[in-house]
Asks: 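Right, I'll just put the structure down here and ask away after.
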Protein chains: 2
Amino acid sequence: MKKTNPSFLNGVPELLVLRLLSRREMYGYQIVDEIRTQTRETLSFGEGCVYPYLHYLEAQKQVSSQRREVDGRNRNYYKLTTRGGKRLEELTSEWKRVTAGVALLMEGQHA
Amino acid sequence: MKKTNPSFLNGVPELLVLRLLSRREMYGYQIVDEIRTQTRETLSFGEGCVYPYLHYLEAQKQVSSQRREVDGRNRNYYKLTTRGGKRLEELTSEWKRVTAGVALLMEGQHA
DNA sequence: TTGACATACATCATAGTTATAGGTATTATC
DNA sequence: GATAATACCTATAACTATGATGTATGTCAA
């Protein structure tokens, strides 16, 4: 199941997950929740989207995980690797490029 | 083959096609070209993406078409209907909402 | 103490979208 | 008269996100 570079009309979940993990380590359930709250309910990716992404990112060595018990809960904490940081930079600039392109066409004057 | 509202991580081609047709009527091949040039090569949707969309939009009565010969060429000119105009407004505000959501999470300070 | 709800993980089937590759036909250009 | 550009079209493959479902544990109120 090979993945090509996202066109970034998709690929937003990967971007947001990497961005969240660039701030501090987090566990899956928390990521699902924070995507929803930090975007003020604008975006909401379900667990069925986020968990497979985390597994994929770990297989790519963009994140590493550590199982830990906190508050009587077993959680898989993920943190960004150096490679993941580079990937985040790539995806961020790609996202900016695409939104800028859309803006050009949407706002462009003439015909 | 019903289509739901795009999450707008997809749906960009529909948005751009409607936007172009909101300015003036155009034909398919021209739309393919102008998406590429007006976004300064940032975005490029092939004919295999644009033509099916035009057919879909016509089936939805969001655009209407008229075959015409111009410069010795047979072209299908498309123009926006009232319904298409409303749809464009919807998709535009949805796109803004989503990009604003991404920006919130990406730029948000704290953790 | 039990039932409901939230937390936390996981996977699968399906639906929907875009990309790729191919196909036809006409007109311009060299 | 060959090649490239214009102009249309379709089918298939690849990918993503959703929604359903499943497990297990912890919390809290009745």
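All chains are named by letter (A, B, ...) in the order of the sequence lines, taking the proteins before the strands, and each is independently numbered beginning at 1. Since we're looking at a predicted model, the values are computed, not measured.
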Asks: Has Arg97(B) got more than 12 heavy atoms of other residues, nucleotides or ligands less than 6.0 Å from its CZ?
Replies: yes
Asks: Would you say a side-chain N or O of Tyr27(A) is under 4.0 Å from OP1 or OP2 of dA8(C)?
Replies: yes
Asks: Please state whether the base of dT7(C) and the side chain of Arg75(A) form at least one donor-acceptor pair under 3.5 Å?
Replies: no
Asks: Measure from CG on Asn76(B) to P on dT6(D) and round the result to the nearest Å.
Replies: 17 Å
Asks: Nearest whole Å is fine: how far is dA19(C) P from Tyr53(B) OH?
Replies: 10 Å
Asks: Quickly work out the Tyr51(B) OH to dT10(D) P distance and round it to whole Å.
Replies: 11 Å
Asks: Heavy atoms only, 4.0 Å cut-off, all strands: where does Glu47(A) land among base, sugar-phosphate and nothing?
Replies: base
Asks: Nearest-Å distance, OH (Tyr78(B)) to C1' (dA7(D))?
Replies: 11 Å
Asks: Are Val102(A) and Thr39(B) packed together at the side-chain level, in the sense that at least one heavy-atom pair is separated by less than 4.5 angstrom?
Replies: no
Asks: Below the 4.0 Å mark, does dC8(D) have OP1 or OP2 next to a side-chain nitrogen or oxygen of His55(B)?
Replies: no
Asks: With a 4.0 Å limit, can you tell me whether Tyr29(B) has a side-chain N or O closer than that to the phosphate oxygens OP1/OP2 of dT6(D)?
Replies: yes
Asks: Given atom CD of Gln66(A) and atom P of dC9(C), what is their separation to the nearest angstrom?
Replies: 13 Å
Asks: Just checking Gly72(B): base, sugar-phosphate only, or nothing, at a heavy-atom cut-off of under 4.0 Å?
Replies: sugar-phosphate
Asks: Return the value, rounded to whole Å, for the distance between atom CG of Asp71(B) and atom C1' of dA5(D).
Replies: 14 Å
Asks: Please state how far atom CG in Leu54(A) lies from atom P in dA8(C), giving the value in whole angstrom units.
Replies: 14 Å
Asks: With a 4.5 Å limit on heavy-atom distance, are the side chains of Leu20(A) and Gln38(A) in contact?
Replies: yes
Asks: Does Arg73(A) or Cys49(A) map to a spot on DNA chain C nearer the 5' end, using the closest nucleotide for each?
Replies: Arg73(A)
Asks: Are the side chains of Leu18(A) and Tyr53(A) in contact, using a 4.5 Å heavy-atom criterion?
Replies: no
Asks: Determine yes or no for a side-chain-to-main-chain donor-acceptor pair under 3.5 angstrom, with Ser65(B) supplying the side chain and Tyr77(B) the backbone.
Replies: no
Asks: Rounded to the nearest angstrom, tell me the gap between atom CG in Asn74(A) and atom C1' in dA24(D).
Replies: 10 Å
